[in-house]
Structure formats: structure tokens, C-alpha cells
Amino acid sequence: RNPFFMLKSGAAHLTAVDWTFQFPQEIVEETDGYTIKRNAMGALVKDLKGHVSTPHWWDFRPTARASWEELKPRLAWNESRVDLDRARAAYEQNRDRYQIYIEPCVGFEAFKYAMGMEGILMAFAEDPEWVREMCTATAELSINGLEYLLGKGFEFDAAEVTEDNGFRGKSFVSPQVYREVVMPA
């Protein structure tokens, strides 16, 4: 079988599991040049039209431990996180041609989108126990999502935890801090 068909969040092929806070997505502003939307993580995202560029993200949630405590229940498992019919159709169409793997979004990767780079890096520096708690919550959501799909008859060739903790050969947090804070989850 060919590699790289993915049942993963954000993939062009299929979004199998919603790993977000499940905020309603809405367009806040749209012009001829850009669109600003509130995404499922609760952040505002500005995308330029007709340009290939990195979107501008701001107005993040959570911003502090107190806001995290309010948001944490939004990461609880529920069946609305999977469009089962769509996932099954894509799975059946591709399982004989591709390796099927699931790719949950946990840890640093998940929270850089929820808090922004500055927010998650400050949390690592000021309250690593909070970051560990957030990573554990996303890990639990991932396990529940995987168990749900396995219970519905999906079979996976592999699982890959998405993590993008660096830029141009350097990590945003040291390997030691990453091992101590993120890896337990």
C-alpha cells in the first residue's frame, strides 16, 4: 500500500477527529483583501486572499490558568468530535491503497494554536505544571478519540503525535524541559 493517507485533523483527505475546544467557527470580518474568522480553538485568524502567507493569529484563549480552568471541559470527549459517516467513507475508500494512521494534536502543537507562541512559551517558563496539565488533557482526548474509532471498526497502521516544537533547526523549549513537561502526556 502507498503511505501517507491520513485520518488526521487538518488533512486534505479527512478530518477524523476534532481535537479543538469546539468553539463555533464564524467569519468576523471579510473584505476583498482578507477574511478574519474565529476558529474552533477560539482565536481570531486573519487570512489574506490571493496570497500564500502565514495567517495572523490573535485574541487567544486560554490566556491564564483561570481561563484554562473554564475551557478545560471543552476538551472532554464527545461523539460530535467525529463525523463518523464521512470518516467511514474515506476509510473504506482508501484502506486498501494507503497506510492509515491517526495523528492527534497534543502538547505544544495544540496550545500554540490556542494560546499563540508567546502565550505557550510564557506558560512553559512561568508555570510548567499548567502546561503539563494541558498536555495531559489533550492526551486523554486523543486516547478517547482513538478508542472510539477502534470501537467503530477502524484499524490503524500507525499513530503519530503531531508536534512542531522548533524552527530552522532549533527547538522553542529545551529537550530537557520538553521531556519533563510534555512527554509524560
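This structure is a prediction, so every number in the text was calculated from the model and none was measured. In this chain, residues are counted from 1 in sequence order.
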Any heavy-atom pair between the side chains of [Y] and [X] that's under 4.5 Å?
X: P128; Y: E180; result: no
X: D85; Y: D83; result: yes
X: H56; Y: L44; result: no
X: M117; Y: F108; result: yes
X: F154; Y: R88; result: yes
X: V17; Y: L149; result: yes

What closest approach, in Å, do [X] and [Y] show between heavy atoms, and which atom pair accounts for it?
X: R81; Y: A76; value: NE-O, 3.1 Å
X: F124; Y: V177; value: CD2-CG1, 3.7 Å
X: M41; Y: A110; value: CE-O, 3.5 Å
X: L75; Y: L141; value: O-CD1, 3.5 Å
X: L71; Y: P62; value: CD1-N, 3.5 Å
X: A40; Y: Q25; value: N-CG, 3.6 Å

Are [X] and [Y] linked, directly or through other ILVMFWY residues, by side chains that come within less than 4.5 angstrom of each other?
X: M115; Y: V45; value: no
X: Y91; Y: L150; value: yes
X: M183; Y: M134; value: yes

**Message:** What verdict does the side-chain contact (heavy atoms from CB on, under 4.5 Å) test give for T138 and W19, after you've listed the backbone C-alpha separation in whole Å, the side-chain angles of each residue and the deciding distance to 0.1 Å?
**Reply:** CA-CA 8 Å; T138 56; W19 310 110; over 6 Å; no
**Item:** side chain to side chain contact (heavy atoms under 4.5 Å, CB included) partner of N39, chosen from W57, F21, F23, Y113
**Value:**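 Of all the options given, the one that passes is W57.
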**Request:** To the nearest 0.5 Å, tell me how far N144 CG sits from E79 CD.
**Result:**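 These two atoms lie 11.5 Å from each other.
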**Item:** From E109 atom CD to C135 atom SG, the distance as rounded to the nearest 0.5 Å
**Value:**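 Rounded to the nearest 0.5 Å, the CD-SG separation comes to 11.5 Å.
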**Prompt:** Is the charged tip of K49 near the ring of Y34: under 6.0 Å from the six-membered ring centre and within 45° of its axis?
**Reply:**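 Relative to the ring axis of Y34, which defines the angle, K49 lies outside at least one limit.
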**Request:** May I ask you to say whether E133 pairs ionically with R65, meaning some side-chain N is under 4.0 Å from a carboxylate O?
**Result:**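 Answer for the salt bridge query: yes.
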**Request:** Show your working on side-chain contact (heavy atoms from CB on, under 4.5 Å) between L121 and V173 and close with a plain yes or no.
**Result:** CA-CA 8 Å; L121 292 175; V173 297; 3.9 Å; yes
Under the 3.5 angstrom rule, does the side chain of [X] hit a backbone N or O of [Y] as a donor-acceptor pair?
X: R38; Y: E26; answer: no
X: Y148; Y: V82; answer: no
X: R74; Y: Q22; answer: yes
X: D127; Y: A123; answer: no

**Request:** For atom CD of E118, decide whether the heavy atoms of other residues, nucleotides or ligands shown that lie under 6.0 angstrom number more than 12.
**Result:**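 At most 12 heavy atoms, drawn from other residues, nucleotides or ligands, come within 6.0 Å of this atom.
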**Prompt:** Less than 6.0 Å separating the ring centroids of F111 and W68?
**Reply:**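 Yes; W68 has its ring centre under 6.0 Å from that of F111.
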**Request:** List in chain and number order the residues that pass side chain to side chain donor-acceptor pair (under 3.5 Å) with K37, two or more places apart in sequence or in another chain; answer none if no residue qualifies.
**Result:**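 If we apply the side chain to side chain donor-acceptor pair (under 3.5 Å) test to K37, skipping adjacent residues, there are no hits.
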**Request:** Starting from the C-alpha separation in whole Å, work towards a yes-or-no answer on side-chain contact (heavy atoms from CB on, under 4.5 Å) for V131 and I120.
**Result:** CA-CA 8 Å; V131 177; I120 188 61; 4.3 Å; yes
**Message:** For W58 and I36: C-alpha separation, side-chain torsions, deciding distance, then whether side-chain contact (heavy atoms from CB on, under 4.5 Å) applies.
**Reply:** CA-CA 10 Å; W58 77 101; I36 298 174; 3.8 Å; yes
**Message:** Using a 4.5 Å cut-off between side-chain heavy atoms of Ile, Leu, Val, Met, Phe, Trp and Tyr, which other residues end up in the same hydrophobic cluster as I27?
**Reply:**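 Traced through the cluster, I27 reaches no other member.
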